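Notes to accompany the following structure.
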Amino acid sequence: MDKKVFIGVYGCQMNFSDAERMEGELRAIGYTRVDEMDEAGLIILHTCCVRETAEDKVYGKIGEIKHLKRKNPRLIFGITGCMAQKEQEALIKRAPHIDFVLGTGRMGELNDTVKIFEERISASKSNHVIDTSNVDTDVFEMPDGDVIARQSSVSAWVPIMYGCNNFCTYCIVPYVRGRERSREPQNIVNEVGQAVKKGIREVTLLGQNVNSYGKDHKKADFADLLKMVDDIDGISRIRFMTSHPKDLSDKVIDAIKNGRHICEHIHLPVQYGNNNILKSMNRVYTVEKYRSLIKDIREAISDVSITTDIIVGFPGETDEDFSETLDFIREMEFDAAYTFIYSPRSGTPAAEMGNQVPEDIKHERLHKLMDVQNEISLAINKKLVGKTMEVLVEGESRNENMWTGRTRTNKIVLWEHGSEKIGDMARVEIKKAQTWLLKGKLA
Ligand code: 5AD
Ligand code: SF4
């Protein structure tokens, strides 16, 4: 029963990447990861608090775990990640069956904390541990080593920086992940090099705002880093996310254009399509600036795909603001957009703003926005029918009896399996386009 860990992961790619590192660490003290909570002697929920819905999911899970704890009093249960950082002891007040709460800057203490509970359990003592101090300082982050239990044998997430300095007024991230700290370029290059030696073909460089990489240590900026990673022997594809429009420089655009392995896909959240709301969001750019950036990118990088994030229902949003945003979205022709309903996060400026938009109007606007974007995504994808695309083979698809992979432009492709293997580059002729995926046959 014991020495098995269940890690439940919520939220963004950074959290999934953290979890691979946590699993790697826990292996060193004898744990193996399991997929079922009731098989585990240690349960960790690695959480997200970017929207209330994310927190609700975690609270649901915390409730389920109460029953497991009753059945098995030796079960160790901890909360890590952004909600741990935000809620701290309030989590334990609400759910006393949680044993420990480790904040985003304290992940290096995971094994020691788990060991404390292993000892307490064998001595039949119990007490809580809460450590969420020092999120802003240069504390031990995820280990810079090769103790990463990567979930995919083909693609690897590689965090290049932690935290965010931008304080968009709706966003909780800077409060729970602290200020920007960039990893050493050499450590990143070493990590990618080791991953490639183990057969990884694609890396995604991760950060809340990758374009401001290196502004702290000044040893390399993001464009320099892209070039360094592009030169690593054996690498096939390089992706990165997320980019902030205010920091995406010409130098980065050139690096993508001239890179050999850097994929032609940029995730560039616009968040909104009207200047008043962008200002109130503290996004620091205007729709005009964003439009000209997209023009520069499209001129420089042929067949680039651009995806975005958009929030509806931000405080003060009027029908006119929203209809301008719909027009802007139509004009930009994004390949895909991740659309969100604004969720007030306590402690952020926007949560205190007047003119909060009623829930029913938020939902109505979300659906209108999704309808517009879905039409655009489908129209763009339909233009690919008849083309043969290079697809990195990821394996069998979960839902359909087909295989799956992605194009360089990050489009999901499904096809009927031939003799290709996971990690191969397949050539697939696109036969059918849908909003979120393409279907084809081996060329
Ligand atoms: N409400 C809704 N969406 C949000 N995001 C960040 N904070 C909030 C919030 N309070 C969205 C942004 C960001 C994405 C990861 O989540 O669009 O780019
Ligand atoms: Fe949040 Fe803005 Fe930072 Fe993105 S750039 S993590 S939206 S504060």
Side-chain angles (χ1 to χ4, degrees), residues 9-18 47-57 81-83 85-86 104 135-136 159-182 204 206-213 215-216 222 240-248 266-274 277-285 290 306-317 322 325 328-329 332 334 336-353 356-357 359 361-363 365-366 369-370 373:
V9 190
Y10 299 82
C12 63
Q13 277 87 348
M14 187 64 93
N15 269 10
F16 284 84
S17 159
D18 290 349
T47 60
C48 169
C49 62
V50 80
R51 281 173 290 277
E52 197 178 350
T53 44
E55 291 193 333
D56 290 345
K57 276 192 219 154
C82 293
M83 231 172 117
Q85 190 63 44
K86 173 167 167 274
T104 51
V135 64
D136 271 358
I160 62 167
M161 60 193 295
Y162 302 97
C164 180
N165 287 356
N166 291 316
F167 290 95
C168 303
T169 54
Y170 50 81
C171 187
I172 191 87
V173 168
Y175 304 89
V176 293
R177 290 227 172 222
R179 298 298 74 72
E180 289 172 0
R181 285 98 64 203
S182 304
T204 305
L206 289 179
Q208 254 71 41
N209 176 16
V210 288
N211 293 278
S212 65
Y213 173 79
K215 285 191 177 159
D216 44 358
F222 185 54
F240 55 91
M241 69 187 304
T242 288
S243 294
H244 193 303
K246 80 175 167 57
D247 296 310
L248 187 78
I266 303 183
H267 183 62
L268 193 65
V270 66
Q271 309 296 3
Y272 209 66
N274 156 283
I277 298 277
L278 283 177
K279 189 157 188 226
S280 181
M281 287 177 160
N282 191 32
R283 289 294 289 180
V284 201
Y285 52 84
Y290 189 91
I306 300 177
T307 55
T308 203
D309 292 345
I310 306 162
I311 300 174
V312 296
F314 187 79
E317 179 192 56
F322 180 64
T325 293
F328 190 67
I329 297 307
M332 287 299 102
F334 294 112
Y338 299 87
T339 50
F340 305 105
I341 285 182
Y342 168 67
S343 170
R345 307 284 64 213
S346 63
T348 62
E352 307 303 318
M353 290 178 187
Q356 296 284 333
V357 176
E359 285 305 312
I361 296 184
K362 286 187 191 170
H363 279 91
R365 288 181 182 157
L366 179 78
L369 174 64
M370 285 166 71
Q373 181 55 45

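Order of listing sets the numbers, starting from 1, for every ligand and every atom in it. On a predicted model such as this, the values are computed, not experimentally measured, just so you know.
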- Query: Do you see an N/O/S atom of C168, backbone or side chain, under 2.8 Å from atom 1 (Fe) of ligand 2?
  - Reply: no
- Task: Select one of side chain, backbone, both or neither to describe which atoms of F340 lie under 4.0 Å from any atom of ligand 1, heavy atoms only.
- Result: side chain
- Task: Return the residue, atom name and 0.1 Å-rounded distance of the protein heavy atom closest to atom 7 (N) of ligand 1.
- Result: Y170 CD1, 3.3 Å
- Message: As an exercise, identify every atom of ligand 1 less than 4.0 angstrom from a heavy atom of V50.
- Response: 6 (C), 7 (N), 8 (C), 9 (C), 10 (N)
- Looking only at protein heavy atoms, which one is nearest to atom 1 (N) of ligand 1, and how far off is it? S343 N, 2.9 Å
- Message: Any heavy-atom pair between the side chains of V270 and D309 that's under 4.5 Å?
- Response: no
- atom 2 (C) of ligand 1 - nearest protein heavy atom and its distance: I341 O, 3.3 Å
- So, does Q356 use its side chain to make a donor-acceptor pair with the main chain of A350 at under 3.5 Å? yes
- Item | Protein heavy-atom partner closest to atom 14 (C) of ligand 1 - residue, atom, separation in Å | D309 OD2, 3.5 Å
- Message: Suppose we measure from atom 6 (S) of ligand 2 to each protein heavy atom; which comes out shortest, and what is that distance?
- Response: Q208 CG, 3.4 Å
- Specify the protein heavy atom at minimum distance from atom 3 (N) of ligand 1: its residue, its atom name, and the distance to 0.1 Å. R51 NH1, 3.2 Å
- Task: With R283 as the cation and Y272 as the aromatic partner, state whether NZ or CZ is under 6.0 Å from the six-membered ring centre and within 45° of the axis.
- Result: no
- Mind checking whether Y285 and Y290 have parallel, tilted or perpendicular rings, split at 30° and 60°? tilted
- Message: salt bridge (charged side-chain N to carboxylate O under 4.0 Å, His left out), that's the test. Do E52 and K57 meet it? Break it down for me.
- Response: CA-CA 9 Å; E52 197 178 350; K57 276 192 219 154; over 6 Å; no
- To which protein heavy atom is atom 17 (O) of ligand 1 closest, and what is the distance rounded to 0.1 Å? Q271 OE1, 2.6 Å
- Query: Does ligand 2 have any atom that is closer than 4.0 Å to a heavy atom of R283?
  - Reply: yes
- Message: With a heavy-atom distance limit of 4.0 Å, tell me whether I311 approaches ligand 1 through its side chain, its backbone, both, or neither.
- Response: side chain
- Can you tell me if C164 has an N, O or S atom under 2.8 Å away from atom 3 (Fe) of ligand 2? yes
- Task: Select one of side chain, backbone, both or neither to describe which atoms of I310 lie under 4.0 Å from any atom of ligand 1, heavy atoms only.
- Result: neither
